[in-house]
Engineer: 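I have a structure here, written as structure tokens, and I will follow up with some questions on it.
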Amino acid sequence: MSTTSTAISRELIYQVAYETNKRAAIVVPQDGLAAFGEAWERESKPLAHFILGQILENAKLAVADARPMCGDTGLPRYYVKLGNEARIDGGVVALERALRQAVADITQDIQLRSNRVHPLTRRNPGNNTGVFAPNIDYSFEPGGDWIDIIAVHKGGLFGTDYRMLFPADGTDGIKRFLLDNMAEFARRGLSCPPVVVGVGLGGTKDQAVTLSKEAACLRLIGDRHPDSEVAALEEELRHLANQTGFGVMGVGGDTTALDVHVEIAYTHTGGLPIAISQFCTAYRRSVARVFPSGEVEFREDPQWFTPYYRREGIE
């Protein structure tokens with residue numbers, strides 16, 4: 001790509017950030033709809049089958065009424081992927097200001113619940129912005145003069161946990177932690193299955209937690225990791241999660257996890273950090289690519305975990 005490409009305007013970034021946030025709140029992505037539909041078709045427990053049917057009906061009504069598909073609209077956040085040649089009018093500071101403004105405006109316009117408060121005083125500005133809010137995470141890609149804006153509405157309370165394992169714990173330790181995580185939140189009514197489970201394995205503690213959330217939110221249901229050993233672990237953990245029998249909303253059923261995605265990072269030789277994040281029934285995500293020409297391309301696949309993002313070795 002040319003390094004002299006036209007700068008992308010702050011106003012266009014604002015418009016796309018606003019629209020992706022709106023779509024994330026209202027429209028269940030196609031991979032989520034397909035997974036819920038498949039779970040409904042194979043569900044053998046009458047109550048679970050009924051609830052899954054209502055989830056699908058609710059998804060239709062949300063679009064028809066242009067209203068958020070869940071009463072708890074979670075914590076709106078953005079993932080931004082920048083092509084290496086992308087230029088922004090006003091720079092990255094302008095981009096961040098546009099994203100913050102979009103969150104504040106969409107909170108009022110479609111009545112997102114204002115969930116962001118000061119952790120001590122509980123002061124609520126009423127627009128889901130504040131110190132380090134909304135979250136904005138970045139990745140970069142060689143070439144390309146575009147910007148990907150991914151809006152995710154992720155609950156900020158329960159379903160995420162971390163544990164430091166030892167290398168000798170191996171896959172049995174990973175399985176045990178998965179079961180502990182799912183049981184802890186499902187039995188206490190603090191999880192809304194069926195969920196997409198993201199597992200961050202390795203790296204440092206903060207890397208493991210970050211990867212677990214990205215794995216849960218930024219991969220399509222049914223996607224498999226390119227490393228065959230990791231992909232096999234994903235399948236094994238998905239099967240194990242569904243053997244728990246917690247089912248939709250914990251009422252008992254055949255589907256507790258729609259999928260399990262594992263992401264890895266090379267780690268310290270003496271440890272095996274692991275984190276788990278659950279992306280609940282309110283499966284909310286929207287993706288758009290912004291080009292300097294002014295063209296905007298909405299798509300289903302976040303394409304966050306590219307070969308470059310997962311790169312290994314020295315280039």
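One-based numbering along the sequence shown.
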Engineer: Quick test of your reading of the model: are Asp105 and Lys22 salt-bridged, counting only N-O distances below 4.0 Å?
Structural biologist: no
Engineer: Shortest non-hydrogen contact from Ala208 to Gly202?
Structural biologist: CB-O, 3.6 Å
Engineer: Does any non-hydrogen side-chain atom of Lys205 lie less than 4.5 Å from one of Pro273?
Structural biologist: no
Engineer: Hey, are the side chains of Val196 and His261 touching, using non-hydrogen atoms and a 4.5 Å cut-off?
Structural biologist: yes
Engineer: Would one find more than 12 heavy atoms of other residues, nucleotides or ligands at under 6.0 Å from atom NE2 of His118?
Structural biologist: yes
Engineer: Charged N to carboxylate O under 4.0 angstrom, Arg219 versus Asp259?
Structural biologist: no
Engineer: Would a 4.5 Å heavy-atom cut-off, applied to side chains only, mark Phe140 and Asn84 as touching?
Structural biologist: no
Engineer: Minimum heavy-atom separation for Glu234 to Val262, with atom names?
Structural biologist: OE2-N, 2.8 Å
Engineer: Out of curiosity, Leu211 CG to Leu218 CG, how far, rounded to the nearest 0.5 Å?
Structural biologist: 10.5 Å
Engineer: Has the side chain of Asp169 got a donor or acceptor atom that lies under 3.5 Å from a matching backbone atom of Phe166?
Structural biologist: yes
Engineer: Do Thr306 and Glu141 come within less than 4.5 Å of each other through their side chains, counting heavy atoms only?
Structural biologist: yes
Engineer: Which ILVMFWY residues are connected to Val209, directly or by a chain of links, through side-chain heavy atoms under 4.5 Å apart?
Structural biologist: Tyr162, Met164
Engineer: Rounded to the nearest 0.5 Å, what's the gap from CG on Leu52 to CG on Leu47? Could you check?
Structural biologist: 9.5 Å
Engineer: Can you find a pair of side-chain heavy atoms, one from Phe279 and one from Leu258, that are under 4.5 Å apart?
Structural biologist: no
Engineer: Can you give the donor-acceptor pairs under 3.5 Å from side chains of residues 290-297 to other protein atoms, not counting sequence neighbours?
Structural biologist:
unit_1: Ser293; atom_1: OG; unit_2: Glu295; atom_2: N; d: 3.3

Engineer: If we check side-chain contact (heavy atoms from CB on, under 4.5 Å) with Leu220, which of these qualifies: Gln30, Gln303, Arg285?
Structural biologist: Arg285
Engineer: Sequence neighbours left out, cut at 3.5 Å: what donor-acceptor pairs do the side chains of residues 61-68 make with other protein atoms?
Structural biologist:
none

Engineer: Quick one: closest heavy-atom pair of Ala102 and Ala17, and the distance?
Structural biologist: CB-CB, 3.7 Å
Engineer: Just by distance, do the side chain of His153 and the backbone of Pro76 share a donor-acceptor pair under 3.5 Å?
Structural biologist: no
Engineer: Enter the distance from Glu263:CD to Thr210:OG1 here, rounded to the nearest 0.5 Å.
Structural biologist: 12.5 Å
Engineer: Mind checking the NZ-NE2 spacing from Lys175 to His239? Nearest 0.5 Å is all I need.
Structural biologist: 10.0 Å
Engineer: Return the minimal non-hydrogen interatomic distance between Ser9 and Leu12, and the atom names on each side.
Structural biologist: OG-N, 3.1 Å
Engineer: If you count the non-hydrogen atoms of other residues, nucleotides and ligands that lie under 6.0 Å from NZ in Lys45, is the total more than 12?
Structural biologist: yes
Engineer: Does any non-hydrogen side-chain atom of Glu38 lie less than 4.5 Å from one of Thr255?
Structural biologist: no
Engineer: Using the salt bridge (Lys or Arg N to Asp or Glu O under 4.0 Å) rule, take Asp145 and Arg87 through it: C-alpha gap first, then chi angles, then the decisive distance, then the call.
Structural biologist: CA-CA 7 Å; Asp145 54 3; Arg87 295 176 57 227; over 6 Å; no
Engineer: What do you reckon, is OH of Tyr138 surrounded by more than 12 foreign heavy atoms closer than 6.0 Å?
Structural biologist: yes
Engineer: Decide if atom CD of Glu229 counts as having more than 12 heavy atoms of other residues, nucleotides or ligands within a radius under 6.0 Å.
Structural biologist: no
Engineer: For residues Leu82 and Ile150: do they belong to one hydrophobic cluster (side chain heavy atoms under 4.5 Å, members Ile, Leu, Val, Met, Phe, Trp, Tyr)?
Structural biologist: no
Engineer: Test of understanding: clusters of I, L, V, M, F, W, Y form through side-chain heavy atoms closer than 4.5 Å, transitively. Do Val251 and Leu56 belong to the same one?
Structural biologist: yes
Engineer: Not counting sequence neighbours, which residues clear side-chain hydrogen bond (donor to acceptor under 3.5 Å, both in side chains) with Arg100? List them please.
Structural biologist: none
Engineer: Same hydrophobic cluster for Tyr283 and Trp304, using side-chain heavy-atom links shorter than 4.5 Å among ILVMFWY?
Structural biologist: yes
Engineer: In terms of side-chain heavy atoms, does Tyr79 have a donor or acceptor partner in Asp148 at a distance below 3.5 Å?
Structural biologist: no
Engineer: Considering residues at least two apart in sequence or located in another chain, which fulfil the side chain to side chain contact (heavy atoms under 4.5 Å, CB included) criterion with Arg122?
Structural biologist: Val117
Engineer: When clusters are formed by joining ILVMFWY residues with side-chain heavy atoms under 4.5 Å apart, either directly or through shared neighbours, do Tyr18 and Val16 land in the same one?
Structural biologist: no
Engineer: Do other residues, nucleotides or ligands put more than 12 heavy atoms under 6.0 Å from the CZ atom of Arg97?
Structural biologist: no
Engineer: What about Phe36 and Val152, same hydrophobic cluster or not, with Ile/Leu/Val/Met/Phe/Trp/Tyr joined at side-chain heavy-atom distances under 4.5 Å?
Structural biologist: yes
Engineer: Check whether any side-chain N or O of Thr256 sits under 3.5 Å from a backbone N or O of Pro194 as a donor-acceptor pair, and report yes or no.
Structural biologist: no
Engineer: Within the structure provided, determine whether Arg10 and Asp89 are in side-chain contact (heavy-atom separation under 4.5 Å).
Structural biologist: no
Engineer: State whether a side-chain donor-acceptor pair under 3.5 Å links Glu11 with Gln15.
Structural biologist: yes
Engineer: With distance as the sole test, does Thr20 use its side chain to make a donor-acceptor pair with the main-chain N or O of Ala288 at under 3.5 Å?
Structural biologist: no
Engineer: When rounded to the nearest 0.5 angstrom, what is the spacing between CG in Leu178 and CG in Leu240?
Structural biologist: 5.5 Å
Engineer: Verify the distance criterion only: is there a donor paired with an acceptor across the side chains of Glu214 and Tyr309 at less than 3.5 Å?
Structural biologist: yes
Engineer: Could you pull out all donor-acceptor pairs under 3.5 Å where a side-chain atom in residues 181-188 meets a protein atom, sequence neighbours excluded?
Structural biologist:
unit_1: Asn181; atom_1: OD1; unit_2: Gln278; atom_2: NE2; d: 2.8
unit_1: Glu184; atom_1: OE2; unit_2: Arg188; atom_2: NH1; d: 3.3

Engineer: Please determine whether side chain to side chain contact (heavy atoms under 4.5 Å, CB included) holds for the pair Leu233 and Val199, giving the CA-CA distance in whole Å, both sets of side-chain angles, and the decisive distance to 0.1 Å.
Structural biologist: CA-CA 10 Å; Leu233 179 61; Val199 179; over 6 Å; no
Engineer: I want to check something: taking the side chain as every heavy atom from C-beta on, are Leu75 and Arg116 in contact at a cut-off of under 4.5 Å?
Structural biologist: yes
Engineer: Can any side-chain N or O of Asn128 pair as donor or acceptor with the backbone N or O of Asn115 at less than 3.5 Å?
Structural biologist: yes
Engineer: Do side-chain atoms of Asp31 reach the backbone of Ile221 as a donor and acceptor pair under 3.5 angstrom?
Structural biologist: yes
Engineer: Does the pair Arg310 and Asp227 meet the rule for a salt bridge (Lys or Arg N to Asp or Glu O under 4.0 Å), with working shown?
Structural biologist: CA-CA 10 Å; Arg310 289 185 178 126; Asp227 183 316; over 6 Å; no
Engineer: CD1 of Ile276 to CD1 of Ile174: how many Å apart, nearest 0.5 Å?
Structural biologist: 9.5 Å
Engineer: I'd like to know if the side chain of Glu43 and the backbone of Phe50 have a donor-acceptor N/O pair within less than 3.5 Å.
Structural biologist: no
Engineer: More than 12 non-hydrogen atoms from neighbouring residues, nucleotides or ligands closer than 6.0 Å to CZ on Arg176, yes or no?
Structural biologist: no
Engineer: I'd like to know if the side chain of Arg23 and the backbone of Ile26 have a donor-acceptor N/O pair within less than 3.5 Å.
Structural biologist: no
Engineer: Consider only side-chain N and O atoms of Ser212 and Ser277, and report whether a donor and an acceptor are under 3.5 Å apart.
Structural biologist: yes
Engineer: Quick check: closest heavy atoms across Ser286 and Ala24, and the distance to 0.1 Å?
Structural biologist: CB-N, 3.8 Å
Engineer: Where is the tightest heavy-atom contact between Val103 and Pro134, given as atom of each residue plus distance?
Structural biologist: CG2-CG, 3.7 Å
Engineer: Does the pair Asp161 and Phe177 meet the rule for a side chain to side chain contact (heavy atoms under 4.5 Å, CB included), with working shown?
Structural biologist: CA-CA 9 Å; Asp161 205 355; Phe177 181 48; 3.9 Å; yes
